[in-house]
Novice: 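Dumping the structure here so I can ask a few things about it.
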Amino acid sequence: MIFISVIVTCFFANDAYAAQCGCATDPLHVRSGAGTTHRILGTVPAGECHTDKGGRQTANGYTWANIDYNGQDAWAAINWLNFKTCQTNQASTSIGCPNIVSRAGWGARSPTIPHSLLTHTPNHVYIHHGASGGCHTKTACISKVKAYQNYHMDGHHWSDIGYSFVVGEDGNVYEARGWDAVGAHTLHHNYDGLGICVIGNFMEHVPNDAALNAIKSLIQCGVNKGKITANYILKGHRDVGQTACPGQKLYDLIQTWPHYHH
C-alpha cells in the first residue's frame, strides 16, 4: 500500500495565533464523534496534518482530539497523532491525498501490453460506478477490484482494468491505470480525462461518506500534483454515453459538486 505523505495547511483564526495541528503518525480513521462507534468521515494518511480544535474526550479506551477535517468537525484518537505548530507556507485550499493502494498492494495482474501515456494534463474527470455489490473493508474491496480487472481483461479482452482509480466504501482508493496512463473507461474520452469508479451500485442510494471524501480528496490531490488541470470539468459517465452509470443517486449528487458541467 502507498500512503502519500503530505502536509495540509491548517486554518488560523488570525495571523497572530499559531494554530496547532495534529499530524497522523500512521494511517488513521477520523470520525464524526469521539469513540469507535461513530461514523468514519475518512482516513488520514501518515504525515497529513489537520487543525487541532482543542477539544478532548475519552471513549472506548482512547483519548480523542477534536480536529478540523477538510472543513468537517471530526475526532481522532491521539495515540496516532503528533501535535505541532501548523505550517503556514502552503495554500489554504490544499488538502491531502487519500490512501492510495498501489497495484502491487491489491495484487493487480500485469497489463498484457504496456500502458500508453497521456500526452496532456487531463482536464476532465469522469465518475463511474461498478454496478456491482459494494464493499466496506479493504479485503472485500480488493476482491471487487480484482473482479473488475478480470472482467475487463477476460470479458472485454482489454489490456488491463480500464479505470484510472477505483474507490471503495472502506475509504481507500485503489490504483488502476493511475495518473499518467490512457484509460479505457469512457469511450471517446480516455485521452482527455481520468476515470474514477466507485465500487457498488448507486441507482438507489449514494456512496457512504468514506467513499465520497476519498473521491473529493483524490481529485484535489490530482490538481495539487499537477495531474489534473485546476479548471477541470467533472462529468458522470452518462453525460457522454448511453448508460445509467454512475447510478441515478450518485449522478444526482455529483451535479451539486464544484466543476460539474453537463
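Basis for what follows: all heavy atoms, side chains included, without hydrogens, waters or symmetry-related copies.
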Novice: Could you work out, with side-chain contact (heavy atoms from CB on, under 4.5 Å) as the rule, every residue matching His120, not counting sequence neighbours?
Specialist: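 Scan of His120 (side-chain contact (heavy atoms from CB on, under 4.5 Å), adjacent residues dropped) gives none.
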Novice: Run the disulfide bond (SG atoms under 2.5 Å apart) test against Cys141 and tell me which residues pass, sequence neighbours left out.
Specialist: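 So Cys141 forms a disulfide bond (SG atoms under 2.5 Å apart) with Cys135.
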Novice: Does Leu118 have any side-chain contact (heavy atoms from CB on, under 4.5 Å) partners at least two apart in sequence or in another chain, and if so, which?
Specialist: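 Testing Leu118 for side-chain contact (heavy atoms from CB on, under 4.5 Å), a comparison that skips the adjacent residues, returns Pro122, Val182, Leu194.
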Novice: Looking at NE2 of His129 and OG1 of Thr243, how far apart are the two atoms once the value is rounded to the nearest 0.5 Å?
Specialist: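 If we round to the nearest 0.5 Å, His129:NE2 and Thr243:OG1 are 6.5 Å apart.
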Novice: Anything under 3.5 Å between a donor and an acceptor, one on a side chain of residues 162-169, the other on a protein residue two or more places apart or in another chain? List them.
Specialist:
{"residue": "Ser164", "atom": "OG", "partner": "Gly195", "partner atom": "N", "Å": "3.1"}
{"residue": "Glu169", "atom": "OE1", "partner": "His136", "partner atom": "NE2", "Å": "3.4"}
{"residue": "Glu169", "atom": "OE2", "partner": "Asn208", "partner atom": "N", "Å": "2.8"}

Novice: Please check if the number of heavy atoms outside His188 that lie under 6.0 Å from its NE2 is greater than 12.
Specialist: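 Atom NE2 in His188 is not crowded, with 12 or fewer foreign heavy atoms closer than 6.0 Å.
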Novice: My understanding is that a hydrophobic cluster links ILVMFWY residues whose side chain heavy atoms are under 4.5 Å apart, including indirect links. Using that, what else belongs to the cluster containing Val240?
Specialist: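 Answer for Val240: Tyr126.
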Novice: Report yes if some heavy atom in the side chain of Tyr191 is under 4.5 Å from a heavy atom in the side chain of Thr119; otherwise report no.
Specialist: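 Tyr191 vs Thr119: side chains apart.
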Novice: Between His185 and Cys245, is there a side-chain heavy-atom distance shorter than 4.5 Å?
Specialist: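 With C-beta onward as the side chain, the pair stays apart.
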Novice: Are Trp158 and Thr112 close enough that some pair of their side-chain heavy atoms sits under 4.5 Å apart?
Specialist: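 No, too far: nothing below the 4.5 Å cut-off.
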Novice: With sequence neighbours left out, what residues match Asp160 under salt bridge (Lys or Arg N to Asp or Glu O under 4.0 Å)?
Specialist: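 Once residues adjacent in sequence are excluded, the partners of Asp160 under the salt bridge (Lys or Arg N to Asp or Glu O under 4.0 Å) criterion are Arg103.
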Novice: Kindly assign one of parallel, tilted or perpendicular to the pair His156 and Tyr151, based on the angle between their ring planes and the thresholds 30° and 60°.
Specialist: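 If you compare the ring of His156 with that of Tyr151, the planes turn out perpendicular.
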Novice: Identify, with sequence neighbours excluded, every residue that meets salt bridge (Lys or Arg N to Asp or Glu O under 4.0 Å) alongside Lys53.
Specialist: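 Per chain and number, Lys53 pairs via salt bridge (Lys or Arg N to Asp or Glu O under 4.0 Å) with Asp73.
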Novice: With the side chain counted from C-beta on, respond yes when Ile215 and Trp257 share a heavy-atom pair under 4.5 Å apart, and no when they do not.
Specialist: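 Contact flag for Ile215/Trp257 side chains = yes.
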Novice: Are the side chain of Gln255 and the backbone of Tyr251 linked by a donor-acceptor contact shorter than 3.5 Å?
Specialist: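 Confirmed, Gln255 side chain pairs with Tyr251 backbone.
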Novice: Answer yes or no: is there an ion pair linking Lys144 with Asp170, defined by an N-O contact shorter than 4.0 Å?
Specialist: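 Judged by the 4.0 Å cut-off on N to carboxylate O distance, Lys144 and Asp170 do not form a salt bridge.
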Novice: Under 4.5 Å between any side-chain heavy atoms of Ile233 and His124, yes or no?
Specialist: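 The answer is yes, as the side chains (C-beta and beyond) meet within the 4.5 Å cut-off.
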Novice: Hey, what else clusters with Trp75 if you join Ile, Leu, Val, Met, Phe, Trp, Tyr whenever side-chain heavy atoms sit under 4.5 Å?
Specialist: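 Taking Ile, Leu, Val, Met, Phe, Trp and Tyr as members, Trp75 shares its hydrophobic cluster with Leu28, Tyr62, Trp64, Ile78, Trp80, Leu81, Phe83.
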Novice: Between Asn172 and Ile142, is there a side-chain heavy-atom distance shorter than 4.5 Å?
Specialist: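 With C-beta onward as the side chain, the pair stays apart.
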Novice: Side chains of Pro246 and Val198: does their closest heavy-atom pair fall under 4.5 Å?
Specialist: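 No, their side chains stay 4.5 Å or more apart.
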Novice: Other than Met153, which residues form its hydrophobic cluster under the rule that side-chain heavy atoms must be closer than 4.5 Å?
Specialist: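 Taking Ile, Leu, Val, Met, Phe, Trp and Tyr as members, Met153 stands alone, with no cluster partners.
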Novice: Return yes when the gap between the SG atoms of Cys49 and Cys21 is under 2.5 Å; return no otherwise.
Specialist: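 Disulfide absent: SG-SG distance not under 2.5 Å.
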Novice: Write out all pairs satisfying ring-ring contact (aromatic ring centres under 6.0 Å, His included) with one or both partners inside residues 214-236, taking only residues at least two apart or from two chains.
Specialist: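 Qualifying pairs, neighbours excluded: Tyr232-His259.
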Novice: Considering only heavy atoms from C-beta outward, does the side chain of Val145 approach that of Val101 to under 4.5 Å?
Specialist: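 With C-beta onward as the side chain, the pair stays apart.
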Novice: With sequence neighbours left out, which residue pairs that include part of residues 110-132 fulfil the salt bridge (charged side-chain N to carboxylate O under 4.0 Å, His left out) condition?
Specialist: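 Salt bridge (charged side-chain N to carboxylate O under 4.0 Å, His left out) check on residues 110-132 returns no pairs.
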Novice: Could you tell me which non-hydrogen atom of Val173 sits nearest to which non-hydrogen atom of Pro98, and how far apart they are?
Specialist: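 That would be CG2-CG, 3.7 Å.
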Novice: Between Gly35 and Asn60, which heavy-atom pair has the shortest distance, and what is it?
Specialist: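 Taking every non-hydrogen atom into account, CA-OD1, 3.1 Å.
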Novice: Among side-chain atoms of Thr85 and Gln20, is any donor-acceptor pair under 3.5 angstrom?
Specialist: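 Indeed, the side chains of Thr85 and Gln20 share at least one donor-acceptor pair under 3.5 Å.
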Novice: Return each pair, listed once, that meets salt bridge (charged side-chain N to carboxylate O under 4.0 Å, His left out) where at least one residue sits in residues 178-187; pairs must be two or more places apart or across chains.
Specialist: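 Counting only pairs at least two positions apart or across chains, the salt bridge (charged side-chain N to carboxylate O under 4.0 Å, His left out) contacts touching residues 178-187 are Asp180-Lys227.
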